[in-house]
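To start, the structure itself, in structure tokens.
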Protein chains: 2
Amino acid sequence: MDASHRSGCPINLTLEILGDRWSLIVIRDIMFGNRRHFRELLQNSEEGIASNILADRLKRLVERGLLTRADDPTHKQKAVYSLTEMAIDLVPLFAQMGAWGRKHLAVSEELSIRAELLENGGAKLWEDFMEELRAKHLGKVLPPGTPSVLGRLTEAYLEVVDRRKES
Amino acid sequence: MDASHRSGCPINLTLEILGDRWSLIVIRDIMFGNRRHFRELLQNSEEGIASNILADRLKRLVERGLLTRADDPTHKQKAVYSLTEMAIDLVPLFAQMGAWGRKHLAVSEELSIRAELLENGGAKLWEDFMEELRAKHLGKVLPPGTPSVLGRLTEAYLEVVDRRKES
DNA sequence: CTGCACTGATGGCAAAATGCAAGCAGTTTT
DNA sequence: AAAACTGCTTGCATTTTGCCATCAGTGCAG
């Protein structure tokens with residue numbers, strides 16, 4: 001056991017990496033919002049993350065193996081952040097967190113429709129989504145014609161937004 | 001939406017309640033370690049929580065509806081903390097967190113055996129465990145002769161501890 | 001009835017994390 | 001040449017954490 005760890009309990013070790021107010025928000029935005037650049041994460045942030053916090057979290061998540069950082073060939077100053085398998089494996093955790101939040105907290109309709117679909121889709125949908133993330137972030141090749149889970153989630157989200165705008 | 005919330009996203013709202021280094025540790029110890037009093041939580045804490053942090057977290061978790069506090073009839077100064085349904089509903093989340101931690105982090109064998117059993121038991125075992133927690137914390141009556149999931153988990157933990165002591 | 005251990009906490013203080021606003025050097029677009 | 005955009009960085013005030021000592025009330029053994 002590393003002296004820098006409080007204990008070897010899996011719950012504790014998970015909290016030592018993800019137990020703060022922002023780490024999972026950043027991963028969520030990369031995963032479900034498909035945001036890959038610093039500015040995208042900063043400016044589209046629903047919760048209004050500060051730039052120094054975002055910089056710190058991206059650095060820490062790269063150090064801890066949840067993200068990778070690569071240069072963007074289209075722009076010399078641009079960095080592209082990608083999920084690792086470790087982060088992709090958080091999909092079931094997000095699904096459970098979303099389900100718990102929807103059940104017990106005052107969630108907004110448009111921001112919880114994706115959580116609802118993910119919850120109802122069950123383990124099969126999660127696995128499909130994870131495969132899609134592996135394709136997008138790890139370069140894994142999928143069988144052609146695979147329908148996009150993220151596309152379905154995003155579509156449902158936009159539908160709710162539209163419907164609520166009308167009323 | 002309350003102005004004190006960053007957004008209505010279920011992931012975000014969940015993080016606003018549970019997104020720190022200690023809240024889930026406290027709930028874990030009440031849930032899996034069956035610790036019901038302040039001192040039990042303080043002195044048996046694997047991670048060494050400080051008393052002021054523990055006091056603060058217990059207060060916040062009661063305020064937010066995850067715990068209830070009651071007087072202990074056997075001692076005028078004693079308080080008994082119980083899980084609410086909201087907290088019991090975190091069992092699947094703990095199961096996922098444990099599974100993720102076991103897969104990706106340097107967990108210790110004795111502290112992860114319970115997570116392993118919970119993971120392998122699947123949704124059925126989680127539901128049995130939740131029913132047991134409802135009996136213990138909410139006074140729900142179970143059919144007689146129901147085997148104890150917590151007993152099984154604790155037994156397995158002690159076996160590992162014993163086995164490792166011998167070698 | 002008197003020590004003494006135990007009860008759930010508090011208080012002080014230093015260190016770290018967070019939040020907010022401004023700024024920066026280099027790059028690309030207009 | 002100017003403007004907008006790139007991933008950050010800096011400064012500073014506030015909040016949270018971590019550690020240690022302490023406390024007043026309770027209950028039990030002598």
Side-chain angles (χ1 to χ4, degrees), chain A residues 2-7 12 15-27 29-30 33-64 67-82, chain B residues 2-7 12 15-27 29-30 33-64 67-82:
Chain A
D2 194 313
S4 63
H5 290 141
R6 304 186 300 190
S7 90
N12 173 60
L15 284 174
E16 285 187 18
I17 290 189
L18 302 172
D20 71 277
R21 285 183 150 51
W22 290 111
S23 295
L24 282 173
I25 294 284
V26 171
I27 296 173
D29 284 351
I30 299 177
N34 199 32
R35 292 175 199 143
R36 308 294 295 272
H37 306 292
F38 190 95
R39 292 279 163 170
E40 278 181 315
L41 287 161
L42 187 68
Q43 294 177 333
N44 300 328
S45 168
E46 194 78 39
E47 289 83 14
I49 191 170
S51 61
N52 55 346
I53 307 279
L54 176 59
D56 179 73
R57 287 305 179 282
L58 287 170
K59 205 181 85 182
R60 286 171 49 151
L61 290 170
V62 168
E63 282 170 5
R64 297 177 181 187
L67 299 177
T68 54
R69 200 195 113 114
D71 292 338
D72 187 327
T74 72
H75 189 306
K76 286 192 180 169
Q77 270 186 327
K78 243 175 175 172
V80 187
Y81 291 95
S82 300
Chain B
D2 195 312
S4 63
H5 290 142
R6 304 185 303 189
S7 89
N12 172 59
L15 284 173
E16 287 188 20
I17 290 189
L18 302 171
D20 71 278
R21 284 182 152 55
W22 290 111
S23 296
L24 282 173
I25 295 283
V26 171
I27 296 173
D29 283 351
I30 299 177
N34 199 32
R35 296 181 195 136
R36 308 296 294 272
H37 306 292
F38 190 93
R39 292 278 163 169
E40 278 180 316
L41 287 161
L42 187 67
Q43 294 177 334
N44 300 327
S45 168
E46 195 77 38
E47 288 83 13
I49 191 171
S51 61
N52 55 346
I53 308 281
L54 175 59
D56 179 72
R57 287 306 178 281
L58 287 171
K59 204 180 86 180
R60 286 172 47 153
L61 290 170
V62 168
E63 282 170 5
R64 295 174 183 191
L67 299 177
T68 53
R69 200 195 115 113
D71 292 337
D72 187 327
T74 73
H75 189 306
K76 286 193 179 170
Q77 267 188 331
K78 242 176 175 171
V80 188
Y81 291 94
S82 300

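By convention in this document, chain letters (A, B, ...) are assigned in the order of the sequence lines, proteins followed by strands, and residues within each chain are numbered from 1. Treat the numbers as computed from the prediction; the structure is a model and nothing was measured.
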Every protein N/O lying under 3.5 Å from an N/O of nucleotides 11-13 of chain D:
none

Using whole Å, report how far [atom1] of [X] lies from [atom2] of [N].
X: Asp56(B); N: dT17(D); atom1: CG; atom2: C1'; answer: 10 Å
X: Asp20(A); N: dG18(D); atom1: CG; atom2: P; answer: 13 Å
X: Leu58(A); N: dC8(D); atom1: CG; atom2: P; answer: 7 Å
X: Trp22(A); N: dT16(D); atom1: CH2; atom2: C1'; answer: 16 Å
X: Tyr81(A); N: dT6(D); atom1: OH; atom2: P; answer: 13 Å
X: Arg69(A); N: dG7(D); atom1: CZ; atom2: P; answer: 9 Å
X: Leu54(B); N: dC19(D); atom1: CG; atom2: C1'; answer: 15 Å

Check: protein-nucleotides 26-30 of chain D nitrogen or oxygen pairs below 3.5 Å:
residue: dG27(D); atom: OP1; partner: Lys76(B); partner atom: N; Å: 3.1

Margin query: At a heavy-atom distance below 4.0 Å, which nucleotide of DNA chain C is the first touched by chain A, and which is the last?
Written below: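 It runs dT18(C) to dT28(C).
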Taking side chain to side chain donor-acceptor pair (under 3.5 Å) as the cut-off, I'd like each qualifying pair that reaches into [range], sequence neighbours left out, listed once.
range: residues 37-46 of chain A; result: none
range: residues 54-63 of chain A; result: Asp20(A)-Arg57(A)
range: residues 70-79 of chain B; result: Asp72(B)-Thr74(B)

Next item on the list: List for me each residue that meets side chain to side chain contact (heavy atoms under 4.5 Å, CB included) alongside Ala50(A), sequence neighbours excluded, and say none if there are none.
Entry: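 Side chain to side chain contact (heavy atoms under 4.5 Å, CB included) check on Ala50(A) returns Asn52(A), Ile53(A).
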Checklist line | Stretch residues 34-47 of chain B: residues that reach within less than 4.0 Å of DNA chain D through a heavy atom | finding: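 Result for residues 34-47 of chain B: none.
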Check: Checking all strands, does Arg57(B) fall into the base, sugar-phosphate, or nothing category for heavy-atom contacts under 4.0 angstrom?
Finding: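 It contacts sugar-phosphate atoms only.
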Next item on the list: Go through the structure and list residues passing salt bridge (charged side-chain N to carboxylate O under 4.0 Å, His left out) with Arg21(B), not counting sequence neighbours.
Entry: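 If we apply the salt bridge (charged side-chain N to carboxylate O under 4.0 Å, His left out) test to Arg21(B), skipping adjacent residues, there are no hits.
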Item checked: Toward the 5' end of DNA chain C, by each residue's nearest nucleotide, Ser51(A) or Arg21(A) ->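 It is Arg21(A) whose nearest nucleotide is closer to the 5' end.
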Note to self: List the residues meeting side chain to side chain donor-acceptor pair (under 3.5 Å) with Ser82(A), not counting sequence neighbours, and say none if there are none.
What the structure shows: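 Checked Ser82(A) against side chain to side chain donor-acceptor pair (under 3.5 Å); matches are Arg36(A).
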Next item on the list: Report yes or no: does Glu16(B) contribute a side-chain atom to a donor-acceptor pair with the main-chain N or O of His5(B) at less than 3.5 Å?
Entry: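 Not a single qualifying donor-acceptor pair exists.
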